[in-house]
Amino acid sequence: MLRTNQSVITEFILQGFPGSPQSQKYLFAPVLFMYILTVIGNMLIVFIIVHDPRLHNPMYFFLGNFSFLEIWYVTTLSPKILANFLAKRRSICFYCCIAQAFSHFLLGATEFCLLAAMSLDRYMAICKPLHYSVIMSRSLCFQLAIGSWLGGFFTVIVQTILLCQLPFCGPNLINHFYCDVTPILSLACADTHLLEQIVLVGSALLLFTCFFFTAISYVFIISTILHIPSSSGRQKAFSTCAAHLTVVSIQYGTVMFMYVKPKANSSLEVNKVVAVLNTVITPLLNPFIYTLRNKDVKEALKKAANVKHLFH
């Protein structure tokens, strides 16, 4: 499974989750169920936002984009994870591994940019309600969505190019259940200090920029809500932000723990546990977080269900 120092690695072996290969097979059914539920839940959100005219506004435009991202985010990892549960040899080709790491990092970085754009939308809706429809125009929403993709791309592309140029000639066992940058770097037959710093600085710059932007938005949002005279008005205003704030807290908490810390303080085994929350459970929870207390989405779901019932 491990190659000698004289050979050039053409594939990696994914160690997977802790435990024996036989015990890991029992994880196949629950992970498959969560993956299917995640895809269906997020596809349903995208579908109702596209087809219900009442949801054609900036808030739901960004929510639809976020759900679309979540589908691809979980799909870059889950099929390979599921296949490895049943495979005798958990191999992945070198460039497939790099492509998975790139896609995972790109989609994750884009999500944080999109969450920052969503915080701007909430700021405008609550703090500038009279100018909201003028400022948050369709063209600005598209620009923010495209800017989120570009922000994620430029954060990841340099790191990926440098990663591809590293020599890999020794052990090829990745101590993870998917191709992540940190365990891949640990296998390189060269000094990776510079690239580790680039990954750390790039990740930290993106995360803290988006976090700062989001935090400032919510400082103004909370200040505005507290000045609303009626309690019902304050509750209604806060309810429009509660789902977004919950997702922001989960996303930032898990990713900052995994990536924005010195290597000396990192633990790959702990990272695996946190990665399960970030890559499997969080994308599953997001559709429920955004819909459980959202009257517009629930009404759109009921409408879609009634239309389907009429056709039958």
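Below, each value reflects all heavy atoms present in this structure, side chains not excepted, and no hydrogens, waters or symmetry copies.
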Arg234 side chain to Leu226 main-chain N or O, any donor-acceptor pair under 3.5 Å?
no
Please answer: with hydrophobic residues joined when any side-chain heavy atoms are less than 4.5 Å apart, are Ile222 and Leu245 in the same cluster?
no
If you measure from the SG of Cys179 to the SG of Cys97, is it under 2.5 Å?
yes
Quick check, are the ring centers of Phe211 and Phe112 under 6.0 angstrom apart?
no
At what distance, to the nearest 0.5 angstrom, does OG1 of Thr155 lie from CD1 of Ile198?
13.0 Å
Counting only heavy atoms from other residues, nucleotides and ligands, does the tally under 6.0 Å from CE of Met43 exceed 12?
no
Below 6.0 angstrom between ring centroids: does that apply to Phe85 and Tyr26?
no
Rounding to 0.5 Å, atoms SG (Cys210) and CD (Glu111) come to a distance of 11.5 Å
Check for me whether the distance between the ring centres of Tyr123 and Tyr218 falls short of 6.0 Å.
no
Distance alone, cut at 3.5 Å: any donor-acceptor contact between the side chains of Glu70 and Asn42?
no
May I have the step-by-step check of salt bridge (Lys or Arg N to Asp or Glu O under 4.0 Å) for Arg89 and Glu11, ending in yes or no?
CA-CA 11 Å; Arg89 192 168 184 271; Glu11 66 178 12; 2.5 Å; yes
Has Arg138 got more than 12 heavy atoms of other residues, nucleotides or ligands less than 6.0 Å from its CZ?
no
Do other residues, nucleotides or ligands put more than 12 heavy atoms under 6.0 Å from Trp149 CH2?
yes
Rounding to 0.5 Å, atoms CG (Leu14) and NE2 (His176) come to a distance of 10.0 Å
Asp52-Tyr60 side chain donor-acceptor pair, cut-off 3.5 Å
no
Please tell me whether Phe94 and Ile161 are part of a single hydrophobic cluster in this structure, the criterion being side-chain heavy atoms less than 4.5 Å apart.
yes
Check whether the side chains of Thr75 and Tyr35 place a donor and an acceptor atom closer than 3.5 Å, and report yes or no.
yes
Is the shortest heavy-atom distance from the side chain of Ile174 to the side chain of Gln15 under 4.5 Å?
no
Is there side-chain contact between Val199 and Thr182, with at least one heavy-atom pair below 4.5 Å?
no
Please check if the side chain of Thr209 supplies one atom and the backbone of Leu206 the other of a donor-acceptor pair under 3.5 Å.
no
